[in-house]
Structure formats: structure tokens, C-alpha cells
Trainee: 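Take a look at this one; I'll ask things after.
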Amino acid sequence: MNPKTPLGGLLIRLFPFLTWPAPTKGQLRADAIAGITVGLVLVPQALAYAQLAGMPPVTGLYAALLPGIVGALFGSSSLLAVGPVALTSLLTFAALQPLAAAGSPEWIAMAIWLAVYSGLMQFFMGAFRMGILANLVSNAVVQGFVNAAAVIIIISQLPSLLGFATSADGNWLSHLVQAWRTEPLRLAITTGFGVGAALGLIAFKKFSSRLPGVMIVCLIGVAVSLLAGFDRLGGAIIGSIDSGLPALTLPFTLSLDQHLALLLPAAIIALISFTEAMSSCRTMSRITGESWNRNQELIGQGLAKIASGFSGAFPVSGSFSRTALNAYSGAKTARATLLASLIVLISLFGLTALLYHLPTAVLAAIIIVPVTQLIDVRSLTRLCRENPKDGFVALVTLVVTLATVPNLYWGILAGMGASLLVFLHHHAIPRIIELGVHESGGFRDRKLYELPPIAEGVLGVRMDASLTYLTAPMLERYIRKKVDADPEIRVLLISASSLNQVDSTGLDTLRDIWSFLDSRGITLCLSGPKLAVREALSRSGLSQLIREEHIYATDEKAIDSLT
């Protein structure tokens, strides 16, 4: 297939997996090892993230099966592992908690449509090459939100980890004390399972990271639970998990108001989950040198979410931890991800019965241990120190997210709003300096370098920003103040080399500046204007007003002429 022909290019865009080269025996062997390793980790993780999303355990396996295949076939990063992840599962739970009872048929139906809507949003963003919209959520917002989300996830799983019940009043301490008084043995054993599983996962990660530690810990948990009769003591176990393939259908039981209530959470999930996936893609690209396409990845992620919805599951995303494990295990192509999905398929036809006695405390540990790595106080501190504005955005996001639980989207919206305020502040209050001629021969800040004026009666000014409706009033105010303070000024030079663009307000302001200076008998000059600015000056007639001989091609020519 020739990608340079119109038909070939269209087919490759629609079906990017057609460009996969034929694998070598070495690649197949490496992909097989990596796929089996990731698959054995994926199965218990999928069950755990279904628990976090408030969904039946089997839906976690559904979310790991078809979406993983679709993400691998239609995405652009060969090593990105798509499936259920902690952050997206938490966002799903937070979105649905005010709308339905966890685990109810209504909850499941809403989770399915949440996956479909967020997937459609991502798909159309990619199809119309609007991947840049993902930049609306800045790194500072993501950093603040991820830290807050990690804390929320850990707190939400403590009852399952320690074996005490929760209630709507949120008074967990009293429930924990009451459980210790009434059922100390059950609580102690449950805590033993949870803490023991957490310690086991930490040990595997530190000493044997190549082994599927998650699956090994689960099998040990099942064996101990079965031998100890944990369920007969009242311990919480997974119980029966449906086997077989998911029914590829959608529920049509929700009202219009319920559908509308899902749109904002779906948009938040679409943006945050893609930001999470992009982080994995960038990391893998740096490691492998493989290029990836943001818009194609949006299409792949979107189709994976839609596939998850049709599978009866919840929104999925690219998993950073499983992607890293994929690479660490030696995966060479996306076929490793397909094999991991095959392991999930096999589990749906046999492994689910083996996990009947798995304590839910072990699943809580599977969620908590990797999530603790998301809490990065050191990075937040460094961000606040090195870039206070981004630090402010991250802290606003973190605090609002924690304060508005379960409505986590308010944290994202607050972070985006803070980012916008910081952006406007930066661009509305630009740096404006008076210029002098430096010994290097170019213009520099007079105050910073303690330079004399460019020449007697000449005032040089530079604004380090585009000339727009936000910045133009600041430049005009600065010039008027300088001119009023020095009646000896006869020439005012604006170094335009830093003006990347000028809008209609900027042109009108330049005209007002020229009129003000002309009334004082002062000549306005420009130096180094870029092509976009020169064209705007020509279209508006300002180049004739200022006069071409007063518009210098470079700062150097202005210096030569004025000194």
C-alpha cells in the first residue's frame, strides 16, 4: 500500500495498523513475554479499578478486553497500554456519585454512556485535528489534580483495606472503632490481608519488578482466604464473577436530563485521560525514539472508550504503569498489548472462578500502592519555587479538588480558570523597557545595564509582547508618561522586533500614539518589524503615516541612523 496516494493515505489514516511491519522472530518472542507479563498484572488491576469506579468486578475485565485491542490498533504509540486506570475510574465514581447508587443498574448505565460520550469527544477532537485543545489543561493543573486525586483514591480505599463499613455521614473513625469493638477478629484478618498485600506489592516492585507481582499477590491472597475460611468469618471477598464475552449493546433507560448531566464530566474525563495518555506517549517516545501522532492517539483513545461503553464497562485510558511495565518487559510492538488482551479473554473463560475467594482488601492494596507514587510533594514544592505562577495554579487545583469532593470537576475548572488568569496577567502586564545601546552593538535595558540614552533627544522603547487589545493600552500609557516627563524628546523609537503580531486595537493604538507624538513635534520610528506587523501597517495605512524612512528593517540600522 502506497501511503503517498490519496486512497493509501486515507486507508492508513483510518486503519493505522495497516502500516505495521512484519515482525521478526525476536520481536514476537519479546512481545509474547511482555504481553503475558502485562496481562497477568492487568487482570487483577482491572478488577480493582472496577471496584474503584463503583462497578461490578467483571466490567473491569470488559474494560480491559476490547478497549485494549482497539487502542492498540488505532492509536499511534506501539507500547501504550490502554484499559482501566485509577484516575479515570475515580473520575467515573466522582461523576456518578451524586446521580445514582453505586453498583445499581442506573449507575452502570450512566457509566456506560459516560464512556461513550467521553470517547466521542476524543474521537472528534482527533478526527478534526483538534488535539491542541488538550493543552487547555496545563501541566500545572494536571500536577495539582493528580496529587489531590491520589489522596482521594487512597482515602476512599481505606475502608476496604482495613475492613470497616462506610456510610453517608463520612464519619469513618467512629465506624472503625465500632468495628474493632464488635468484630475484632474479622477486622484484624482483613487488615492483615490488605497490609500484607501492600507490603508484598512493594517488595515485588523493589526486588522482582519483572515478575507479575500483582497476580502473584492475588493468588496468594486467594489461597490464604480459602484455607482460612475468610468468607465464613464475614470477610469481604469478590465472590462470583460472570464469565464469557460482554454483550455489545447500549442501555436506553436513561432520561434526557441524565444524559445531559453526563456531558460535563465526560468532557473532563476526555481532557484529563488524554493528558494522562500523552504523558505515557511522550515518555515512551523518549525511550524508544518512536514518533507518535497526537490526533491519531486521540482517535485511538476515543474509539477505545466507545468500545468500553459498548462492552458494558466504564471509561478507560492509557495506563502509565502498565505502559512502563510493557517497555520494561521488552515489548517491541503493539502486538504485546494484543496478547495482554488475550490473557484477559482467557481469564473470562476460566480464571474468574479461581478469584472467587479473593479478599476485596487485596484489591484495595492493588489500587493504593501504585497510586501513592502519584503524590509528589517534592515536584509541587519545586514548581512553586521555580515558577510561582504555575505553582499557584497547581495549588488552586489541588485545594479546590480536595474541597469539592465528590464533584472533582470543580478542581479542574478552577485550575483552568487560574491558568487563564495567570495567562491574562502575564500578557496584560507585559515587560516594557527603555532602551540604550549596549557595547555589544544592540539594544539593551537602560536601567539594567546602566546605559545612556540612544542619543540626545531620542527615547527608545521595547515591549516584550505582541501589540494586542490586552497590551496596547499599557504601551500607550508608558509612552505618554515618558514624553510628559521629558520635554526634550524629539524622536521616539519603538523596537518592534518583539512584536510577533498586532491586532486592530494595536493598530488603533499606534495611530493614537503617532497623533499624540505629532502634536508634540516628536517623530515616531519603528525598528525590526516582522512581516506580519509590516503587512498590518501597510493594510491600515500606518506605514504611510509614519513614513517608510522612519521604519527601519533592523535595530542595527536604527542605531546607525539615530546615533
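Quick caveat: nothing in here was measured; it's all calculated off a predicted structure.
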Trainee: For Lys389, does the NZ atom sit with more than 12 other heavy atoms under 6.0 Å from it, leaving out its own atoms?
Mentor: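 It does: Lys389 NZ has more than 12 such atoms within range.
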
Trainee: Could you tell me which non-hydrogen atom of Glu297 sits nearest to which non-hydrogen atom of Leu80, and how far apart they are?
Mentor: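 Closest approach of Glu297 to Leu80, heavy atoms only: OE2-CD2, 3.2 Å.
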
Trainee: Write down the atom of Ala365, the atom of Gly194, and the distance for their closest heavy-atom approach.
Mentor: CB-O, 3.5 Å

Trainee: Which residues pass the ring pair (Phe, Tyr, Trp, His ring centres under 6.0 Å) test with Phe349, not counting sequence neighbours?
Mentor: none

Trainee: Would you name the heavy atoms of Ser138 and Val393 that are closest together and state the gap between them?
Mentor: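 Scanning both residues completely, I find the closest heavy atoms to be OG-CG1, 4.4 Å.
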
Trainee: Atom OH of residue position Tyr117 - does it have more than 12 heavy atoms of other residues, nucleotides or ligands inside 6.0 Å?
Mentor: yes

Trainee: If I compare all heavy atoms of Leu254 with all of Gln258, which pair ends up nearest, and what's the gap?
Mentor: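 Closest pair (atom of Leu254, atom of Gln258, distance): CA-OE1, 3.3 Å.
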
Trainee: Determine yes or no for a side-chain-to-main-chain donor-acceptor pair under 3.5 angstrom, with Gln296 supplying the side chain and Phe74 the backbone.
Mentor: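 Answer holds: yes.
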
Trainee: What do you reckon, are the aromatic ring centroids of Phe314 and Trp107 less than 6.0 Å apart?
Mentor: no

Trainee: For the residue pair Leu87 and Val146, what are the closest heavy atoms and their distance?
Mentor: CD2-CG2, 4.1 Å

Trainee: Given Thr352 and Asp242, is the side-chain contact (heavy atoms from CB on, under 4.5 Å) satisfied, shown in steps?
Mentor: CA-CA 7 Å; Thr352 54; Asp242 294 339; over 6 Å; no

Trainee: Would you check if the side chain of Thr337 reaches a backbone N or O of Ala81 as a donor-acceptor pair within less than 3.5 Å?
Mentor: no

Trainee: Does either side chain, that of Thr88 or that of Lys305, offer a donor lying less than 3.5 Å from an acceptor on the other one?
Mentor: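 There is no such pair (donor and acceptor under 3.5 Å, judged by atom type) between the side chains of Thr88 and Lys305.
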
Trainee: So which heavy atom on Ala100 is nearest to which on Ser104, and how close?
Mentor: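 Distance-wise, the nearest heavy atoms are CB-OG, 4.3 Å.
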
Trainee: Return each pair, listed once, that meets ring-ring contact (aromatic ring centres under 6.0 Å, His included) where at least one residue sits in residues 133-153; pairs must be two or more places apart or across chains.
Mentor: none

Trainee: Is a donor on one side and an acceptor on the other found under 3.5 Å between the side chain of Asp390 and the backbone of Ala140?
Mentor: no

Trainee: Strictly distance-based, threshold 3.5 Å: is any side-chain N or O of Ser225 a donor or acceptor partner for the main-chain N or O of His357?
Mentor: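 Yes: the side chain of Ser225 pairs with the backbone of His357.
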
Trainee: From Ser321 OG over to Leu325 CG, what is the distance, rounded to the nearest 0.5 angstrom?
Mentor: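 Between Ser321 OG and Leu325 CG, I get 8.0 Å after rounding to 0.5 Å.
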
Trainee: Is the count of non-hydrogen atoms from other residues, nucleotides or ligands lying under 6.0 Å from His259 atom NE2 greater than 12?
Mentor: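 More than 12 within 6.0 Å, yes.
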
Trainee: Report all side-chain donor-acceptor pairs from residues 41-64 shorter than 3.5 Å, counting only partners two or more places apart or in another chain.
Mentor:
residue, atom, partner, partner atom, Å
Gln45, OE1, Arg322, NH1, 2.8
Gln51, NE2, Gln157, OE1, 3.0
Thr59, OG1, Pro56, O, 2.6

